[in-house]
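A quick write-up on the structure given underneath.
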Amino acid sequence: KPNPAIFLLAAQGLGIDPAACFVAEDAPAGVKAASAGGMSPLGIARNDDESLLQAAGADLVVTSFDEVAIDELAQGRLCRRSS
């Protein structure tokens, strides 16, 4: 990382266009790799590092997968769940 090769290989193995993928990452280098691969990076913040993940280019930063709108994700949109 930030080389996107591992993410691109995974998408290829699944037969999925990288543009249709999202990558969950807790490291800024991983967020950058996802972006470099044409995928949507989801930052999983821990230890108050939300700003680092945002600065790296995460499309969305959460502290738990519970915060992700699953119904929107199924439609190809990465966004926060409404409360």
Side-chain angles (χ1 to χ4, degrees):
K1 296 177 192 173
N3 185 323
I6 191 72
F7 296 140
L8 293 171
L9 184 63
Q12 180 183 14
L14 293 169
I16 300 172
D17 181 355
C21 297
F22 82 95
V23 175
E25 262 295 336
D26 65 352
V31 167
K32 290 178 184 178
S35 290
M39 301 173 180
S40 297
L42 169 64
I44 307 297
R46 53 190 173 88
N47 301 324
D48 300 321
D49 59 357
E50 182 175 343
S51 62
L52 294 174
L53 297 170
Q54 288 172 336
D59 289 350
L60 176 65
V61 177
V62 296
T63 57
S64 167
F65 284 112
D66 292 335
E67 297 174 49
V68 178
I70 299 302
D71 55 334
E72 294 291 326
L73 189 59
Q75 301 299 316
R77 295 181 293 272
L78 186 57
C79 56
R80 189 176 304 278
R81 188 173 79 168
S82 301
S83 13

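Everything numeric here is computed off the predicted structure, so don't read it as measured data.
Within the structure, salt bridge (charged side-chain N to carboxylate O under 4.0 Å, His left out) contacts touching residues 41-54 (residues at least two apart or in different chains) are Asp26-Arg46. Annotation: side-chain hydrogen bond (donor to acceptor under 3.5 Å, both in side chains) contacts involving residues 29-44, sequence neighbours excluded, comprise Ser40-Asp59. For residues 65-76, the set of pairs meeting the salt bridge (charged side-chain N to carboxylate O under 4.0 Å, His left out) definition, not counting sequence neighbours, comprises Glu67-Arg80, Glu72-Arg77.
Taking Ile, Leu, Val, Met, Phe, Trp and Tyr as hydrophobic and joining them when side-chain heavy atoms fall under 4.5 Å apart, one finds Leu52 isolated, its cluster having no other members.
The heavy-atom pair separating Thr63 from Ile44 by the smallest distance is O-CG2, 4.4 Å. Of all non-hydrogen atoms in Val31 and Gly57, the two that sit nearest each other are CG1-C, 3.6 Å. Summarising the geometry of Val61 relative to Ala45, their closest heavy-atom pair is CG1-CB, 3.8 Å, with the distance given to 0.1 Å.
Considering only residues two or more places apart in sequence or on other chains, Arg81 meets the side-chain hydrogen bond (donor to acceptor under 3.5 Å, both in side chains) condition with none of them.
Under the 4.5 Å side-chain heavy-atom criterion for ILVMFWY residues, a single connected hydrophobic cluster contains both Val62 and Phe22. Linking Ile, Leu, Val, Met, Phe, Trp and Tyr whenever their side-chain heavy atoms come within less than 4.5 Å puts Leu42 and Leu73 in one cluster.
Summarising the geometry, atom CE belonging to Met39 is positioned 8.5 Å from atom CG belonging to Asp17; distances are rounded to the nearest 0.5 Å.
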Could you tabulate the donor-acceptor pairs under 3.5 Å formed by side-chain atoms of residues 7-16, not counting sequence neighbours?
none

